[in-house]
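For reference, the structure discussed in these notes is given below.
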Amino acid sequence: MTRTPVAVLASGTGTNLRALIEDSAAPDCPYRIAVVGSDRANAGALAIATESGIPTTVVPRRAHPDRESFDRAMLAALAPYAPDWLCLAGYMRLVTPAFLAAYPNRVLNIHPALLPAFRGLHAQRQAFEAGVKIAGCTVHLVSEETDAGPIVAQAAVQVLADDDAESLRLRILDAEHELYPRVVRWAAQGRIRLHGGRVAIAP
Ligand code: GRF
């Protein structure tokens, strides 16, 4: 089976990357992680990739005066691995139109809230502080507006009476680790279709 090459971009701990790596080890998995890119040389995600024998590439923020030249450098660093999809997983950069133009409707992101509620940073804390009783996570196609692209899939978790922001964050993270691999499989199978700004998953 030829597996679809994907790139994962991460700036932080890398637990979603780990979930994707574990999923990609399954014999029936339709994708493989061809490269992991980061803007932070000390990202935990890079160590996780290296442990698994996955190539990594780092483009330091400071090396580029503006976001567009940074994005062009990241695209150039990923290009030798020829990924079909880019999967943002805790990637703490806002991407530019130049970046999206290189992968039209082929950039996924995971966000730790049920969008369109609680966009932006610390979404789990925002949800906790709002007192919602159902929280969750969203995988969406990345568009120019932050956390506003077409929704591909969501998973809900309950907010429990004795939760604090941290326990809720961890419960959402567990849901992320289930959801993201499922969606990346759909992406690799060519099942994510966009019609009139909405995503449908082809059977
Ligand atoms: C996740 O909560 C993800 O939803 C958000 O950043 C966090 C990354 O966590 N975009 P990890 O690095 O995958 O552990």
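Computed from heavy atoms alone, side chains included, the values below leave out hydrogens, waters and symmetry copies. Counting starts at 1 for both ligands and their atoms, following the listed order. Quick note: residue numbers are just sequence positions, from 1.
Taking the six-membered ring for Trp and thresholds of 30 and 60 degrees, F70 and H64 have ring planes more than 60 degrees apart, a perpendicular arrangement.
Remark: the Y31 side chain and the D84 side chain contain no N/O donor-acceptor pair separated by less than 3.5 Å. Side-chain contact annotation: D71 with T96, donor-acceptor N/O pair under 3.5 Å present.
Checking side-chain atoms of R40 against main-chain N and O of G12 turns up no donor-acceptor pair under 3.5 Å.
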Can you produce the list of protein nitrogen or oxygen atoms under 3.5 Å from a nitrogen or oxygen of ligand 1, alongside each distance?
unit_1	atom_1	unit_2	atom_2	d
ligand 1	2 (O)	E176	OE1	3.2
ligand 1	2 (O)	E176	OE2	3.0
ligand 1	4 (O)	I110	O	3.4
ligand 1	4 (O)	E176	OE1	2.7
ligand 1	4 (O)	E176	OE2	3.3
ligand 1	10 (N)	I110	O	3.0
ligand 1	12 (O)	T13	N	3.4
ligand 1	12 (O)	G14	N	2.7
ligand 1	13 (O)	T15	N	3.3
ligand 1	13 (O)	N16	N	2.8
ligand 1	13 (O)	N16	ND2	3.0
ligand 1	14 (O)	T15	N	2.9
ligand 1	14 (O)	T15	OG1	2.5

Derivation and outcome, salt bridge (charged side-chain N to carboxylate O under 4.0 Å, His left out), residues E22 and R18: CA-CA 6 Å; E22 286 173 8; R18 191 187 291 285; 5.0 Å; no

Salt bridge (charged side-chain N to carboxylate O under 4.0 Å, His left out) between R125 and E129, worked out: CA-CA 6 Å; R125 178 173 295 279; E129 287 176 356; 3.7 Å; yes

